[in-house]
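Take a look at the structure set out below.
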2 protein chains.
Amino acid sequence: MAKASKHKSALKEQDGVSQQETTNTSSIKAIKQKRKSQPTANDLVAEILKGNITALSRAITLIESKNTSHLEKANTIIKACLPHANQSIRIGITGVPGVGKSTFIEAFGKHLTAQNKKVAVLAIDPSSSLTKGSILGDKTRMEDLVKDKNAFIRPSPSGESLGGVARKTRETIILCEAAGFDTIIIETVGVGQSETAVHSMVDFFLLLKLAGAGDELQGIKRGIIEMADAIAINKADGDNLKKAKLAKVEFNRALHLYPKKESSWNPKVILCSALHNDGIDDIWKIIEEYIVLTSESGYLNQKRKDQNAFWLIQTIEEQLKGAFFNDSKIKEELQKQIQLIEADKTTPFAAADYLLSLNK
Amino acid sequence: MAKASKHKSALKEQDGVSQQETTNTSSIKAIKQKRKSQPTANDLVAEILKGNITALSRAITLIESKNTSHLEKANTIIKACLPHANQSIRIGITGVPGVGKSTFIEAFGKHLTAQNKKVAVLAIDPSSSLTKGSILGDKTRMEDLVKDKNAFIRPSPSGESLGGVARKTRETIILCEAAGFDTIIIETVGVGQSETAVHSMVDFFLLLKLAGAGDELQGIKRGIIEMADAIAINKADGDNLKKAKLAKVEFNRALHLYPKKESSWNPKVILCSALHNDGIDDIWKIIEEYIVLTSESGYLNQKRKDQNAFWLIQTIEEQLKGAFFNDSKIKEELQKQIQLIEADKTTPFAAADYLLSLNK
């Protein structure tokens, strides 16, 4: 390529005219120069610890990269940031599309930055894409918060499996904490599997609901209500207010039917209107109350330990399963065994034994 | 061994005196005789298909055995029974200790056998033991049902893991169905993991609750209410009746807050008193209604297919995990990695990568 002028090619229409060689040399120089200017892992860590957002973004891009050499660098950065992590409050926020999550997070985030808090907003939503309302996909989302120098907003890496997004989000939290963010908000859409992942990486889990829709769960996934440390009924304003109050009573009653949480925290139901900035401060007060209670009881610390163990085991299990079920021989035989089961010619257990025997 | 007298051994104290040879020969004869009298797999299958309870019990004992040759025989029997299985209604019944499960199952079972139904009651409770209220551990449990010729009651195999019990129970269902049992009841204590396993092997899931305790969930595990196709509030008699009626209203309201079930079935809340035989027939009517609805919609058939797929995948995953985590090297290194995570020296993900690398 560097010697293009000496090289016959159908693409070369006028031999001797092209300045290909010179052009290439200078491009390569530029690339080499750029590579040299790429900060080392140590450089990035030093800048992250100073709160440099550009360095933070760059490091997160390394975490999200599929390039092996980037991953190595990313792992070095994560390890160096670890001793500076764990100092934030991690809040998970979920709710179906249309519940007003962006407006809520903007109002909530602004409320916190106004108190000089540093807020990082991360999304964990493997199904999201530009057309499906991904965080920041719509430029009008969180308009003010984006401009706020004490806020940092980062969407999910696109085209990733839930396991991939979860891991990258979890590692991004470490970097954000090392960069001095004291409040980490993890946003998810409460319709898939992602809220379980979010629940397993946050201290406090907030469910957003719509006013006046308490009589049918608005498509929210089963089990999410049980995870919630608080339910905020959003858009509790104007004509909605009466319905919202009714919904609050209903949810309080429903929560009442669940067994006491391990945290010994009683989940709260609150009304709010993110649009009118109503109730936002109450939600923050509730979270603070929760943090005080669970810090004192030691529950918060234990929960984070348990979450680490969860991610360790979860990652191993995912990989073991992936390696087995992605094997082409197994894939083929699995289909055959399923057909035999459906024809009452074998049991699921005998089929499992057979498939596992192929793996040896 | 048969020629022991010609064999020098330190164990032989007085050569020529011992009658070892004769003794051994007769023992071996007796064992051979006994082996001969053991019915073959084919014999057992023929008897099971005739509804012979002794043969059924023997075959289940083979399923529960840890002896490899027994397991082979068991698998032959299961395969031969498979084409005759799948014809029953499978009902899961759960509730915490004290809710009156035994009394309920006895009343419910008698109600069915009185209609000439054949009822098998299986327990799935790995934690059970004679002292912990295992099924039949207490001889006074289900006194009448035990004597009923149309009923068959079988406890969980003891000393087993949940996975083991679940597999054996699932295989026992096949044999019971082949033996002509048209109603299979799987009993579990709703405080552990076992109810998820039960839910994955039955058509209908019934939760038993206590009257007047609707305001605190009596220690029932989170998520069980969402699994229930019906909630029966037991001991709804005498002074309890008023409280039971209130509880019914509360549970109906709580169920109302959940999203619609995939079966499009609306879970029912019913009052009953197993002791006074009140409401038992209503529960059976509800189950029949459910079976009609889900058979017509095709949901029941699909559910059983999905359950088979679940057990296939579940069994494979359990084995993969077991093989990894029971490895002694992994066990040792896992502990070290957990310590490193707790000291903020590594992340759960890096630790997982490292442990998986040891497995190659």
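Note that the structure is predicted; figures quoted are calculated from it, not measured. All values below come from the heavy atoms of this structure, side chains included, with hydrogens, waters and symmetry mates left out. Naming: A, B, ... by sequence-line order, numbering from 1 per chain.
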Between [atom1] of [X] and [atom2] of [Y], what distance do you get to the nearest 0.5 Å?
X        : Y        : atom1 : atom2 : answer
A:Asn359 : B:Gln319 : CG    : CD    : 11.0 Å
B:Phe349 : A:Thr315 : CZ    : OG1   : 5.0 Å
A:Asp344 : B:Asn86  : CG    : CG    : 5.0 Å
B:Glu317 : A:Glu318 : CD    : CD    : 8.5 Å
A:Ile78  : B:Thr346 : CD1   : OG1   : 9.5 Å
A:Lys345 : B:Lys79  : NZ    : NZ    : 11.0 Å

Heavy-atom proximity to chain B below 4.5 Å, by part of [X]:
X        : result
A:Phe310 : neither
A:Asn308 : both
A:Ala351 : both

Item to check | Among the listed options A:Ile174, A:Ile313, A:Asp353, the residue most often paired with chain B at heavy-atom distances under 4.5 Å | outcome: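 Option with the top pair count is A:Asp353.
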Checklist outcome for this item: Ranking A:Glu342, A:Gln314, A:Arg304 by heavy-atom pairs under 4.5 Å to chain B gives rank one to A:Glu342
Checklist entry - Is it the case that more than 12 heavy atoms not belonging to A:Lys245 sit under 6.0 Å from its NZ atom? => result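 Check fails, neighbour count at 12 or below.
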Item to check | Residues B:Leu312, A:Thr347; criterion side-chain contact (heavy atoms from CB on, under 4.5 Å); working and verdict | outcome: CA-CA 8 Å; B:Leu312 170 63; A:Thr347 67; over 6 Å; no
Item to check | Cationic N near anionic O, under 4.0 Å, B:Glu250 to A:Arg253 | outcome: no
